[in-house]
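Below, all heavy atoms of this structure are taken into account, side chains as well, without hydrogens, waters or symmetry copies. The residues of the chain are indexed from 1 along the displayed sequence. The structure presented is a predicted model; accordingly, all values stated were derived computationally and were not measured. In listed order, ligands and their atoms are each counted from 1.
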Amino acid sequence: MMHEFSYCVPTEVLFGAGTSARVGEMAKKYGAKRVLVVYGGGSAVKSGLLEKVCAALAAEDIACQTLGGVQPNPRVSLARQGVKLALEMQADLILAVGGGSVIDTCKAIAHGTANPETDLWEFWKRRVPLTKSMPVGVVLTIPAAGSETSDSAVLTNWEESEKRGLSTQFNRPAFSILDPTLAATLPKKQVSCGIVDIMMHTFDRYFNPITDNDVTDELAEALLRVVIRHAPAAYADPADTAAMSEIMWAGSISHNGLTGLGGAKDFAPHQLGHALSEKFDVYHGESLSAIWSSWAEYVLPANPSRFARFAEKVWGITEGTEQEKAKAGIEAVKAFFRSISMPVCIKELPCGVQPEEGIEDLALRCSYQKTRAIGSFRALSYDDIYAIYRAANQ
Ligand code: NZQ
Ligand code: ZN
């Protein structure tokens, strides 16, 4: 039976090759007159996209200012700068030209600008509830985080050495333009990080204690099969629009809630990964692939039949006992990650194998100094978290 849920994704999606040329029209539709355009470390400048976006806004008589320099694992400090700028120019739309890091920075700028009396990190620390924000638009350049339709935003406070997510309906962008041709300039590493993240957004919903939401489960399995089918071509050539278009749309619906409706989100691998990014500044996608199989093997006894179903429906593994199929499914994920050059343990990350103190520190960070448990498929305490990091460090 389908279990209770609430589903509201108000973001208008404009999808297709070439649609980024319509950004001026979309900004106008949402009433923009003064736009703060935010971008990353330079790829949007190099490709000429930023210039085209500003020209498209100007063509609709929309004024714009730009703010660049967003880094992967985006910093609160730059978002604060963005708030200042948005207030000065009285921006009425914050426009992201980039991936998850740029979009999340824009969400933060929007919250900070709408609430100038509050430092925006207070919202991420849950010390002040967020009750209003302002519109964010997106021109997506990388299929990965799903932030273009998601209700979350993840920021890193470098001074406090913390990476934190905030989930709220105020995080849903007003509109998102998904033009798969923009991903053509992606480095291969970012293509594979994105593919992992997309799969993980569905894994982290699929592996949960409620296993009889048939529509949800079948949608999740289909999405994963499609990503696995098209990933090799997108990885081989990011300019392959046929493959990239499938991956890009899968990325949005993998994290807008659809593949988990009626379930109880798990998201333990994401929490485990966030501590790795917080400590070592590794890319989000690689933090996830490095930890997933150790997590999966650890939680498998909680519900082997779920893993066996996953192996059958997603990987076509039909031979063997339930336990054998379940294990083969985990191995299939590892082999797939390796096929797109992604790490499957900590020592394959840029930080390399960790000393004992490093593993303890990760477990302390992830458990918020032993004050929280994570996960729902199997709830994980500090000791469990420590054991998973340790296994991933072998
Ligand atoms: O900064 P530039 O020069 O633009 O380069 C970026 C960056 O180095 C590059 N890139 C993006 N599009 C490109 C391109 N290079 C060439 N051509 C293009 N078309 O890719 C690199 C990574 O960009 P980033 O925005 O960091 O990638 P991603 O979309 O994977 O976002 C990762 C961030 O999103 C968070 C992650 O934790 C991480 O901080 N997440 C956000 C979520 C959300 N808001 O819903 C959910 C996710 O689970 C995730 O936690
Ligand atoms: Zn993610």
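Ion pairing between a basic and an acidic side chain is recognised when a charged N comes within 4.0 Å of a carboxylate O; Glu348 and Arg338 show such pairing. Looking at Arg75 and Asp281, a side-chain N of the basic residue comes within less than 4.0 Å of a carboxylate O on the acidic one, giving a salt bridge.
Checking His230 against Arg225 by side-chain atom types alone, no donor-acceptor pair falls below 3.5 Å. At a cut-off of 3.5 Å, with distance as the only test, a side-chain donor of Glu221 or Tyr206 sits close to an acceptor on the other residue. Using modelled atom types and a 3.5 Å distance limit, the side chains of His111 and Asn171 yield a donor-acceptor pair. Looking only at atom types and distance, the side chain of Glu148 has a donor-acceptor partner in the side chain of Ser252 under 3.5 Å away. Donor-acceptor pairing under 3.5 Å is recorded for the side chains of Asp384 and Ser381. A donor atom on one side chain and an acceptor atom on the other are found under 3.5 Å apart for Asn256 and Tyr7.
Nearest to atom 13 (C) of ligand 1 by heavy atom, out of Leu140, Leu186, Asp179, Val102, is Leu186. The heavy atom nearest to atom 15 (N) of ligand 1, considering only Gly98, Gly251, Ser43, is found in Ser43. In this comparison of Gly165, Pro143, Ser101, Gly69, the heavy atom closest to atom 25 (O) of ligand 1 sits on Ser101.
For Asp104, every heavy-atom contact with ligand 1 shorter than 4.0 Å involves the side chain, none the backbone. With a heavy-atom cut-off of 4.0 Å, Ser277 does not touch ligand 1 at all. Residue contacts with ligand 1, taken as heavy atom pairs separated by less than 4.0 Å, do not involve Asp151 at all. Contact annotation: for Ser152 versus ligand 1, heavy atoms closer than 4.0 Å belong to both the backbone and the side chain. Contacts between Met200 and ligand 1, counted as non-hydrogen atom pairs separated by less than 4.0 Å, are absent for every part of the residue.
Assignment of Lys46 to the shell around ligand 1 is not supported, since no heavy atom sits closer than 4.0 Å. Not a single heavy atom of Gln71 sits under 4.0 Å from any atom of ligand 1. Judged by the shortest distance from any of its heavy atoms, Cys193 lies outside the 4.0 Å radius around the atoms of ligand 1. The closest approach between a heavy atom of Ala153 and any atom of ligand 1 is below 4.0 Å.
What sits closest to atom 20 (O) of ligand 1 on the protein, heavy atoms only, is Gln190 CG, 3.4 Å. Counting protein heavy atoms only, atom 16 (C) of ligand 1 is closest to Thr185 O, 3.3 Å. For atom 40 (N) of ligand 1, the closest non-hydrogen atom of the protein is Ala145 CB, 3.8 Å. Of the protein's heavy atoms, Thr141 OG1, 2.8 Å lies nearest to atom 12 (N) of ligand 1.
Between Phe307 and Trp292, the two ring planes are tilted [angle within 30° to 60°]. Taking the six-membered ring where the residue is Trp, Phe377 and Phe207 present perpendicular rings, their angle passing 60° and hence far from 30°. A tilted orientation is assigned to the rings of His284 and His270, their planes being inclined by 30° to 60°.
Sorting the N, O or S atoms of Asp197 by how far they are from the Zn ion (ligand 2) puts OD1 first.
Within a 4.0 Å radius of atom 6 (C) of ligand 1, the protein contributes no non-hydrogen atoms. Counting only heavy atoms, the protein never gets under 4.0 Å from atom 23 (O) of ligand 1.
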Derivation and outcome, salt bridge (charged side-chain N to carboxylate O under 4.0 Å, His left out), residues Glu25 and Lys28: CA-CA 5 Å; Glu25 169 198 326; Lys28 191 174 180 186; over 6 Å; no
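A cation-pi contact, defined as under 6.0 Å to the ring centre and within 45° of the axis, links Lys188 to Tyr235. No cation-pi contact links Lys334 to Phe337, judged by a cut-off of 6.0 Å to the six-membered ring centre and 45° from its axis. Stacking of Arg164 on the aromatic ring of Tyr368 is recorded, both the 6.0 Å distance cut-off and the 45° axial limit being met.
Counting atoms of ligand 1 from 1 in the listed order, those under 4.0 Å from a heavy atom of Ser150 are 43 (C), 44 (N), 45 (O). Each of the atoms 45 (O), 46 (C) of ligand 1 lies under 4.0 Å from some heavy atom of His255. If you number the atoms of ligand 1 from 1 as listed, the ones under 4.0 Å from a heavy atom of His274 come out as 37 (O), 50 (O).
Some N or O of Gly42 is nearer than 3.5 Å to an N or O of ligand 1, by distance alone. Taking only nitrogen or oxygen atoms, main chain and side chain alike, Lys107 does not reach within less than 3.5 Å of ligand 1. When only interatomic distances are considered, the shortest N/O to N/O separation between Pro72 and ligand 1 does not fall below 3.5 Å. Close N/O approach between Gly100 and ligand 1 is found [any backbone or side-chain N/O within under 3.5 Å]. In terms of N/O distances under 3.5 Å, ligand 1 is not approached by Ala183. Residue contacts with ligand 1: His284 is placed with a nitrogen or oxygen under 3.5 Å of a nitrogen or oxygen of the ligand (distance criterion only).
Within a 6.0 Å sphere centred on NZ of Lys279, other residues, nucleotides and ligands contribute more than 12 heavy atoms. When the shell of 6.0 Å around CZ of Arg390 is examined, it contains 12 or fewer heavy atoms from other residues, nucleotides or ligands.
Residue side and main chain included, His255 places no N/O/S atom under 2.8 Å of the Zn ion (ligand 2).
To the nearest 10 degrees, the Zn ion (ligand 2) sees NE2 of His270 and NE2 of His284 at an angle of 100°.
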